[in-house]
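Each remark here refers to the structure printed beneath this line.
Keep in mind that this is a model prediction, so the values were computed, not measured.
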Amino acid sequence: MAERRLLVLFGSQTGTAQDTAERIGREAKRRHLQCRVEALDSCDVANLIHEPLVVFVCATTGQGDPPDNMKMFWRFLFRKNLPAGSLCQLDYAVLGLGDSSYPKFNFVAKKLHKRLLQLGGNPLLPVALGDDQHDLGPDAVVDPWLVALWDKILALYPLPPGLEIISPDVCLPPKYTLHYLPEDCPQPRRDVLQLAAPQAAPCELHPFSAPVLSNQRVTAQSHFQDVRLMEFDIAGSGITFSAGDVVMIQPQNCPEDVQQFCQLLRLEPHRHFVLEPTEPGTPLPPLLPQPCTIQYLVTHYLDISCVPRRSFFELLAFFSPDELEREKLQEFSSAQGQEELYSYCNRPRRTTLEALWDFPHTTCAIPAHYLLDLIPRIRPRAFSIASSMLACPGRMQILVAVVRYKTRLSKPRRGLCSTWLASLSPEQGDVRVPLWVKKGGMKFPADPATPVIMIGPGTGVAPFRAAIQERVALGHRGNCLFFGCRHKAKDFYCQTEWEELVAKGLLTLFTAFSRDQEEKVYVQHRIQENGRLVWELLSTGNAHVYLAG
């Protein structure tokens with residue numbers, strides 16, 4: 001009998017595709033299939049020729065781009081020299097997650113499906129195109145597609161004699177078992193992940209722990225938005241960057257939330273534990289030290305401030321000793337309950353911690369083993385670098401708008417990363433931020449004669465500050481910036497810096513302060529007013545135009 005083996009590969013930017021891939025992995029286990037779930041860039045693409053059955057779950061980002069964790073796979077798959085029949089033994093299915101309000105809706109999934117066909121793969125089903133814009137979200141497409149997929153797979157790989165599909169009422173074992181260490185066991189001196197600068201440039205698995213040098217508010221105290229210009233010391237890190245590059249920052253939960261979470265789940269923050277995979281061959285979670293404390297796990301790893309997904313409620317229902325709570329949790333995890341779940345979670349941006357408050361009997365019954373199945377890890381956040389290495393060697397600056405907004409919930413919503421960054425001050429001692437750099441999508445012209453038109457309203461000006469600093473240091477002229485904000489006196493970032501460059505003839509600056517007069521004025525009005533200059537730069541100067549929001 002053919003080996004009943006399934007590989008689920010995902011390309012995920014925000015975690016939705018990963019969540020769906022893990023759901024497919026759980027459903028495969030209920031059908032007694034051997035199943036691995038991996039990010040596309042974590043698997044050895046050359047081994048695809050030995051895989052009999054693969055399900056691809058892919059998101060589309062930006063303007064039809066593949067997510068970061070499938071970019072190497074994407075480059076390999078589209079190599080011209082791959083033989084046409086190289087995947088002829090592969091049965092596959094592609095599930096796309098996208099948003100139909102973008103012109104390149106599910107572009108990655110469609111292109112992947114087509115390319116696998118070209119390479120001889122055998123599609124089990126037409127490509128599924130999940131849509132965020134649907135009233136029920138991508139599940140409107142995903143749910144029926146998965147029913148059809150399992151029918152196809154079980155026809156190819158029937159259940160072994162004597163085995164039945166494990167009922168959805170049965171809770172699957174956790175991914176890891178959590179073993180508490182005895183209280184008197186000798187422990188490592190500090191429960192801090194030692195993020196020493198590695199030999200290679202820092203990356204997600206080896207971030208650089210950068211000291212915070214300054215954290216300055218650049219909006220007036222009376223302004224509704226708190227925006228910070230932050231500077232980090234990256235000397236000796238091996239980090240290099242150019243204008244247009246992006247810094248990835250790994251945030252952490254605030255101490256009050258961590259304390260509340262531990263109290264709700266009756267966890268002892270200072271207990272040490274080690275993790276053991278339930279199935280041999282499952283890698284341990286990266287960036288979690290072993291042994292580790294509950295405090296470290298909740299502070300640095302579990303995303304207790306994210307909006308919980310359907311799978312969270314599905315798993316939670318298994319632990320509920322309370323009939324009323326269990327019924328509600330089952331409703332939230334059913335196909336019919338998705339509209340109500342959207343109203344409860346997504347619309348008001350309710351956090352995982354807040355949802356746990358609403359199910360107190362269930363929450364205190366959650367087994368610690370299931371914490372890593374229940375709550376996703378904290379994802380890194382991307383910020384445009386707002387300085388140049390040529391102007392500030394060994395330093396890096398970013399412009400951070402602190403995210404804070406109201407929904408129908410009484411407590412204002414706060415951005416996890418920006419709120420944490422704003423709370424850091426070098427006066428508190430040795431304050432550090434784990435970070436690494438990624439190549440950005442913006443490349444500035446190497447030819448000093450090529451003029452550059454930059455349109456950067458609000459914090460969108462950050463990458464252009466880096467570009468202007470870099471170009472001025474290299475002696476490149478032809479720097480033209482359109483900057484927009486609400487008030488000249490309240491949120492005109494880097495005003496003195498721009499004015500000095502204008503005085504030296506190194507920058508042409510146009511500003512739009514939308515609320516400083518009765519008629520609102522935006523950057524597009526300034527571009528229109530200066531249409532002749534813009535056209536001249538484009539037509540005779542062959543100018544490059546950049547826009548960041």
Side-chain angles (χ1 to χ4, degrees), residues 1-12 17-58 70 73 77 85-96 109 112-113 116-117 119-128 130 139 141-177 276-284 311 314-315 318 369-370 372-373:
M1 187 177 173
E3 192 182 2
R4 303 180 75 253
R5 189 172 93 230
L6 169 66
L7 177 61
V8 183
L9 296 173
F10 63 84
S12 186
Q18 181 174 351
D19 187 65
T20 305
E22 284 166 356
R23 172 186 170 184
I24 296 169
R26 289 191 297 275
E27 292 190 13
K29 283 188 178 134
R30 293 191 184 278
R31 289 158 179 81
H32 305 280
L33 286 147
Q34 273 183 300
C35 182
R36 285 189 354 262
V37 179
E38 290 180 10
L40 276 152
D41 278 355
S42 304
C43 87
D44 185 351
V45 195
N47 280 342
L48 267 189
I49 56 167
H50 307 302
E51 291 294 340
L53 181 60
V54 181
V55 175
F56 297 88
V57 185
C58 308
M70 69 176 281
F73 165 85
L77 198 71
S86 48
L87 295 179
C88 59
Q89 86 315 323
L90 175 75
D91 288 326
Y92 76 90
V94 176
L95 166 53
L112 172 62
H113 183 71
L116 293 168
L117 260 179
L119 295 173
N122 169 46
L124 295 178
L125 290 171
V127 59
D139 286 342
V141 168
V142 174
D143 289 357
W145 186 83
L146 283 179
V147 171
L149 178 73
W150 294 123
D151 286 348
K152 290 273 187 190
I153 289 175
L154 289 181
L156 289 170
Y157 301 94
L159 284 164
L163 285 180
E164 290 190 3
I165 295 173
I166 299 168
S167 157
D169 302 333
V170 175
C171 187
L172 293 170
K175 199 170 180 181
Y176 304 102
T177 315
E276 194 184 311
T278 308
E279 288 181 11
T282 305
L284 288 167
S311 56
E314 193 179 323
L315 184 52
F318 286 114
H369 298 312
Y370 281 95
L372 284 96
D373 294 82

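To the nearest 0.5 Å, the span separating CG on Asp151 from CG on Leu124 amounts to 11.5 Å. To the nearest 0.5 Å, atoms CG (Leu372) and OG1 (Thr177) are separated by 11.0 Å. From Leu90, atom CG reaches atom CD1 of Ile49 across 11.0 Å, with rounding to the nearest 0.5 Å. In this structure, Ile165 CD1 and Leu154 CG are separated by 5.5 Å, a value rounded to the nearest 0.5 Å.
With sequence neighbours excluded, the residues forming a side chain to side chain donor-acceptor pair (under 3.5 Å) with Glu276 are His179, listed by chain and number. Every residue two or more places apart in sequence or in another chain that forms a side-chain contact (heavy atoms from CB on, under 4.5 Å) with Val45 is listed here: Leu48, Phe73, Phe76. Judged as a ring pair (Phe, Tyr, Trp, His ring centres under 6.0 Å), and not counting sequence neighbours, the contacts of Tyr370 are Phe319. When the side chain to side chain donor-acceptor pair (under 3.5 Å) test is applied to Asp373, no partner is found at least two apart in sequence or on another chain. Taking the salt bridge (Lys or Arg N to Asp or Glu O under 4.0 Å) definition, one finds that Lys152 meets it with nothing, sequence neighbours left out. For Pro123, the side-chain contact (heavy atoms from CB on, under 4.5 Å) partners two or more places apart in sequence, or in a different chain, are Tyr92, His113, Leu117. Residues forming a side-chain contact (heavy atoms from CB on, under 4.5 Å) with Ala28 (at least two apart in sequence, or on another chain): Leu6, Leu33, Cys35, Trp150. A search for side chain to side chain donor-acceptor pair (under 3.5 Å) contacts involving Glu38 returns Arg36, not counting sequence neighbours. The salt bridge (Lys or Arg N to Asp or Glu O under 4.0 Å) test applied to Glu22 returns no partner, not counting sequence neighbours. Taking the side-chain contact (heavy atoms from CB on, under 4.5 Å) definition, one finds that Asp139 meets it with Arg23, Val142, Asp143, Arg310, Gln338, sequence neighbours left out.
Within the 4.5 Å cutoff, the side chain of Leu77 has heavy atoms near those of the Leu112 side chain. At a threshold of 4.5 Å between non-hydrogen side-chain atoms, the residues Leu159 and His32 count as touching. Residues Leu149 and Leu95 form no side-chain contact, since every pair of their non-hydrogen atoms from C-beta on lies 4.5 Å or further apart.
Note on residues 158-176: no pairs pass salt bridge (charged side-chain N to carboxylate O under 4.0 Å, His left out), not counting sequence neighbours.
Nearest heavy atoms, Trp145 versus Pro126: NE1-O, 3.1 Å. For the pair Ala17 and Gly11, the tightest heavy-atom approach, listed with the atom from each and the gap, is CB-O, 3.4 Å. Between Gly25 and Val37, the closest heavy-atom pair is CA-CG2, 3.9 Å. Considering every non-hydrogen atom in both Pro277 and Tyr176, the closest pair reads CA-CD2, 3.8 Å. Residues Arg4 and Tyr157 share a closest heavy-atom pair of NH2-O, 3.2 Å. Pairing each heavy atom of Arg30 with each of Ser167, the nearest pair is NH1-O, 2.7 Å.
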Pair up each side-chain donor or acceptor in residues 51-58 with any protein partner under 3.5 Å, not counting sequence neighbours, and list the distances.
| from | atom 1 | to | atom 2 | distance (Å) |
| --- | --- | --- | --- | --- |
| Glu51 | OE1 | Arg5 | NE | 3.4 |
| Glu51 | OE1 | Arg5 | NH2 | 3.4 |

Note to self: Set out, in order, the CA-CA distance, both residues' side-chain angles and the distance that settles side-chain contact (heavy atoms from CB on, under 4.5 Å) for Leu315 and Cys171, then state yes or no.
What the structure shows: CA-CA 8 Å; Leu315 184 52; Cys171 187; 4.0 Å; yes
